[in-house]
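Everything below concerns the one structure shown next.
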Amino acid sequence: AQSVTQLDSQVPVFEEAPVELRCNYSSSVSVYLFWYVQYPNQGLQLLLKYLSGSTLVKGINGFEAEFNKSQTSFHLRKPSVHISDTAEYFCAVSSYSGGGADGLTFGKGTHLIIQP
Amino acid sequence: GAVVSQHPSRVICKSGTSVKIECRSLDFQATTMFWYRQFPKQSLMLMATSNEGSKATYEQGVEKDKFLINHASLTLSTLTVTSAHPEDSSFYICSASGTSGVSQETQYFGPGTRLLVL
């Protein structure tokens, strides 16, 4: 079984300030890690993913995340946020089998609020 | 690339009726499709996984007779909510993964379907 914990349900940040959204996971097997963003009344858009290799991954819209196996974390960061980054951010994990993707286990989400 | 569509985007129905939601992969072949449910201000919960040509695998607690899933082709999966009741009102989101031209470990999400049962 897997679980994902997003410690902050809501993060207010001033525009152009840096932000970090925290994500910790628990799994008895190796996993893939993802961050998705959801704008109001829309589906999910993939921000970035960690499958293997370099632990620092860069995604779209200036976001990056670092996989830390010892701390079982995958925190999302952006050095300077914009008003348009206001959205719900979900961290997710999936185990993998030889056939490809398995179902995702999501965290409860973090609502990023950008203040002018 | 890797576009997934859903239809309808919004549906309102009377209690006791059935509603069908379509999920299509537009530019890749989706060997696996997933259905999720999201309640207001909550996270997504996996309902079922379907592989083309096979029966869907449902998560614990999801009624397979109530939520019928069909994955008849590599580009189409449908979710039918049978005898819908107000407690079935939710946001239903599908995702798809494939093996050709897309990252097979990644799920690509549709825009979601908001179901309201009166």
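Keep in mind it's a predicted model, so treat the numbers as computed, not measured. The figures that follow rest on heavy atoms only: side chains count, while hydrogens, waters and symmetry mates do not. Chain letters run A, B, ... following the sequence lines, proteins first and then strands; every chain starts at 1.
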**Asked** Parallel under 30°, tilted from 30 to 60°, perpendicular over 60°: which one fits the rings of A:F106 and B:Y36?
**Response** perpendicular
**Message:** Between B:S90 and B:D88, do the side chains contain a donor N or O and an acceptor N or O under 3.5 Å apart?
**Reply:** no
**Item:** Contacting region of B:R10 [heavy-atom separation from chain A under 4.5 Å]
**Value:** neither
**Request:** Could you tell me which portion of B:L44 (side chain, backbone, both or neither) has an atom closer than 4.5 angstrom to a non-hydrogen atom of chain A?
**Result:** both
**Which atoms of A:L44 approach chain B - backbone, side chain, both or neither, heavy atom under 4.5 Å** = both
**Aromatic ring pairing A:Y50/A:F74, orientation class (parallel under 30°, perpendicular over 60°, tilted between)** = tilted
**Prompt:** Under a 4.5 Å heavy-atom cut-off, does chain B meet the side chain of A:L51, its backbone, both or neither?
**Reply:** side chain
**Asked** How about A:Q38 and B:Q38: do any of their side-chain heavy atoms sit closer than 4.5 Å?
**Response** yes
